[in-house]
Trainee: 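Handing you a structure now.
Just so it is clear, the values below take in all heavy atoms, side chains as well, and ignore hydrogens, waters and symmetry mates. Numbers for residues simply follow the sequence, beginning at 1. This structure is a prediction, so every number in the text was calculated from the model and none was measured. We count ligands from 1, going down the list as the structure has it; atoms in each ligand are counted the same way.
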Amino acid sequence: MPAFPDKLHRQIFFGDDALRLLEKLLSEKYSSVQKFILTDENTSVHCLPLLQKNVPSLAGAAMLSMKSGEKNKNLNSCIEIWKQLNAGGAMRSSLVLNLGGGVLCDTGGFSSSVYLRGIDFIHIPTTLLSMADASIGGKTGIDLEGLKNRVGAFAFPQAVVTYPEFLDTLPQREINAGFAEIIKQALLCGDKLWNIVKQVEPNTKNISDDIINNTLLFKAGIVADDPYEKGRRAIFNFGHTIGHAIETCSLIHDEDSLRHGEAVAAGMICALHLCSEFENFPKQLTEEICLLIKSWFPWLKINFPDDEIVHHIKFDKKKAGKPVRFVLLKAIGEPVITEKITEENIRQAISFGRGYLSA
Ligand code: NAD
């Protein structure tokens, strides 16, 4: 598939050709530049050999490392990365390649965006979620005191290199978590993508390149028009207001915390209830979508008290002023951003989601 250039991402390389295009970019633009590859303990084993084999320009690259998992998307990881860059003699002209999932790309992107006031970086997403969503859009950042993405910056990578073969080693649980964001994107995009996405067999490893590509291009298109989320870009928060709060509860209480995509799946079920109640979204469609989400996450429950979830929503970064901003759907492909949802409505939505997932 050809490179997709847009004014923000400079280029998105997708498909079987992606690593060859990365090699071309590196040899043309970064041949004499010091390069660093950031990995975690999983991508260093499963993804680095494939990258090095296909991209000879990385032969002399220095290695950076961080620990995997949402609990490590924090300032300590950034400090470790900055120290490793110091030790490696990084300069303003240096380039960081972030080889990993959303946690690593968010942390590595943020670390690069402020190191020496900003050095170039490239995202090489290796999870379904980071390919379809997290690597696109220039949002970088870390969590603080359990609050999601509390510190961060908009910083656009020089390129996003999406090579689906990396998914071959990704555990099924992470594939499913990534698929939740694909469901979200399809609901926002419209019937064409939704009708393809809804037919994917739950719990499969085979997510077609077309689905990944169409999902990321949809996001890239919206981001290109609203890079700093002043308006329409906020639609991507569908399912995230309650989802992020559930994720925060899980990070605090669970040893093996919910994956981001899993929390978003629960958040979408809650939000769909509000869509039917307040936006005339057809109840039958709500039922169909909730059923589909449940078929991907049959074990998922909302195990935290309403008060705690609501407490975290109040601190969610999407609460711009006093009312909480909610993304709802009028129809598939017709999201609306509203501030009319009250705390009582949120409690009802959580109760709906809790009941639905427990049934
Ligand atoms: P993740 O980054 O935690 O990765 C999941 C796990 O898979 C990790 O243990 C990782 O080491 C491992 N892994 C990665 N690639 C692998 C591979 N190819 N083979 C084997 N193991 C592999 O999870 P994620 O779902 O990719 O990302 C979730 C994060 O993304 C959250 O922090 C979320 O907030 C963020 N996010 C960011 C944006 C954005 O716009 N920046 C958008 C959506 C989500």
Trainee: Can you find a non-hydrogen atom of K219 under 4.0 Å from ligand 1?
Mentor: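 Contact present.
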
Trainee: I'd like to know if K283 and E287 make a salt bridge, using a cut-off of under 4.0 Å between side-chain N and carboxylate O.
Mentor: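 Answer for the salt bridge query: no.
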
Trainee: Give me the nearest non-hydrogen protein atom to atom 18 (N) of ligand 1 as residue plus atom name, then the distance to 0.1 Å.
Mentor: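 Nearest protein contact, heavy atoms only, for atom 18 (N) of ligand 1 is F166 O, 2.9 Å.
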
Trainee: For atom 26 (O) of ligand 1, which candidate among L104, L170, T127 holds the nearest heavy atom?
Mentor: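 It is T127 whose heavy atom sits nearest to atom 26 (O) of ligand 1.
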
Trainee: Should T43 be counted as touching ligand 1, given the test is an N or O pair under 3.5 Å?
Mentor: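 No; the residue has no nitrogen or oxygen that sits under 3.5 Å from a nitrogen or oxygen of the ligand.
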
Trainee: With a 6.0 Å cut-off (strictly less than), is the heavy-atom count around NZ of K24, excluding the residue itself, greater than 12?
Mentor: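 It does not: K24 NZ has 12 such atoms or fewer within range.
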
Trainee: Are any of the heavy atoms in C47 under 4.0 Å away from ligand 1?
Mentor: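 Checking ligand 1 against C47, which is what was asked, there is a heavy-atom contact under 4.0 Å.
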
Trainee: Once you restrict to heavy atoms under 4.0 Å, what part of D40 touches ligand 1? Side chain, backbone, both or neither.
Mentor: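 D40 to ligand 1: side-chain contact only, backbone stays beyond 4.0 Å.
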
Trainee: Salt bridge between E145 and R150, side-chain N to carboxylate O under 4.0 Å?
Mentor: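 Looking at R150 together with E145, the answer is no, because their closest N to O distance does not fall below 4.0 Å.
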
Trainee: For atom 32 (O) of ligand 1, grab the closest protein heavy atom and report residue, atom and distance to one decimal in Å.
Mentor: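 Checked against all protein heavy atoms, atom 32 (O) of ligand 1 sits closest to E70 OE1, 2.5 Å.
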
Trainee: Which residue owns the protein heavy atom closest to atom 1 (P) of ligand 1, what's the atom, and how far is it?
Mentor: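 Checking every protein heavy atom, the shortest distance to atom 1 (P) of ligand 1 gives V103 CG2, 3.9 Å.
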
Trainee: Quick one: nearest non-hydrogen protein atom to atom 12 (C) of ligand 1, plus distance?
Mentor: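 Sorting protein heavy atoms by distance from atom 12 (C) of ligand 1 puts N42 ND2, 3.8 Å first.
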
Trainee: Looking only at side chains, do Y163 and N54 share a donor and an acceptor under 3.5 Å apart?
Mentor: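 The criterion, which ignores hydrogens and geometry beyond distance, is not satisfied for N54 and Y163.
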
Trainee: Find all atoms of ligand 1 within a distance of less than 4.0 Å from any non-hydrogen atom belonging to K73, and give their numbers and elements.
Mentor: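 Counting from 1, the qualifying ligand atoms are 31 (C), 32 (O), 33 (C), 34 (O), 35 (C).
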
Trainee: Would you tell me whether S77 and T107 have side-chain atoms, one donor and one acceptor, within less than 3.5 Å of each other?
Mentor: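 Side chains of S77 and T107: no pair found under 3.5 Å.
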
Trainee: Under 4.0 Å from ligand 1, counting heavy atoms only, is it the side chain of R259, its backbone, both or neither?
Mentor: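 None of R259 does.
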
Trainee: How are the rings of W296 and F179 set relative to one another: parallel (under 30°), tilted (30 to 60°) or perpendicular (over 60°)?
Mentor: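 Rings of W296 and F179: parallel, under 30°.
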
Trainee: Take atom NZ in K67; do more than 12 heavy atoms of anything else shown fall under 6.0 Å from it?
Mentor: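 At most 12 heavy atoms, drawn from other residues, nucleotides or ligands, come within 6.0 Å of this atom.
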
Trainee: Identify the closest protein heavy atom to atom 19 (N) of ligand 1: which residue and atom is it, and at what distance?
Mentor: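 Going by distance alone, atom 19 (N) of ligand 1 is nearest to T169 OG1, 2.7 Å.
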
Trainee: Aromatic rings H273 and F352: how do their planes relate, parallel, tilted or perpendicular, breaks at 30° and 60°?
Mentor: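 The arrangement is parallel - the two ring planes meet at less than 30°.
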
Trainee: Testing T126, L99, T43 one by one against L48 for a side-chain contact (heavy atoms from CB on, under 4.5 Å), which residue passes?
Mentor: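 When T126, L99, T43 are each tested with L48, the side-chain contact (heavy atoms from CB on, under 4.5 Å) holds only for L99.
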
Trainee: Select one of side chain, backbone, both or neither to describe which atoms of S68 lie under 4.0 Å from any atom of ligand 1, heavy atoms only.
Mentor: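 The side chain, only.
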
Trainee: Verify ring pair (Phe, Tyr, Trp, His ring centres under 6.0 Å) between F121 and F110, making sure each step is shown before the conclusion.
Mentor: CA-CA 10 Å; F121 64 94; F110 177 61; over 10 Å; no

Trainee: Give me the residue, atom name and distance of the protein heavy atom closest to atom 5 (C) of ligand 1.
Mentor: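 The protein heavy atom lying closest is E174 OE1, 3.3 Å.
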
Trainee: Considering only heavy atoms, which of D106, T140, V45, L129 lies nearest to atom 28 (C) of ligand 1?
Mentor: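 It is L129 whose heavy atom sits nearest to atom 28 (C) of ligand 1.
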
Trainee: Near K192 NZ, under 6.0 Å, is it more than 12 heavy atoms from other residues, nucleotides or ligands?
Mentor: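 Not more than 12 within 6.0 Å, no.
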
Trainee: Considering S135, G152, A134 one by one, which has a heavy atom nearer to atom 38 (C) of ligand 1 than any of the others?
Mentor: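 Going through S135, G152, A134 one by one, A134 has the nearest heavy atom to atom 38 (C) of ligand 1.
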
Trainee: Within the 4.0 Å heavy-atom shell around D133, which atoms of ligand 1 are there?
Mentor: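 What qualifies from ligand 1 is 42 (C), 43 (C).
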
Trainee: Which pair of non-hydrogen atoms, one from K184 and one from E181, has the smallest distance, and what is that distance?
Mentor: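 Smallest interatomic distance, heavy atoms only, reads NZ-OE1, 2.9 Å.
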
Trainee: Which pair of heavy atoms, one from P335 and one from L188, lies closest together, and at what distance?
Mentor: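 Scanning both residues completely, I find the closest heavy atoms to be CB-CD2, 3.7 Å.
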
Trainee: Among all the protein's non-hydrogen atoms, which is closest to atom 24 (P) of ligand 1, and how far away is it?
Mentor: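 Protein heavy atom with the smallest distance to atom 24 (P) of ligand 1: G102 N, 3.6 Å.
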
Trainee: Indicate, as side chain, backbone, both or neither, the part of K148 found under 4.0 angstrom from ligand 1 when only non-hydrogen atoms are considered.
Mentor: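 K148 to ligand 1: side-chain contact only, backbone stays beyond 4.0 Å.
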
Trainee: Between K139 and ligand 1, which residue portion shows a heavy-atom distance shorter than 4.0 Å: side chain, backbone, both, or neither?
Mentor: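 Both of them.
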
Trainee: T126 heavy atoms, cut-off 4.0 Å: which ligand 1 atoms fall inside?
Mentor: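 Counting atoms of ligand 1 from 1, those under 4.0 Å from T126 are 14 (C), 15 (N), 16 (C), 17 (C), 18 (N).
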
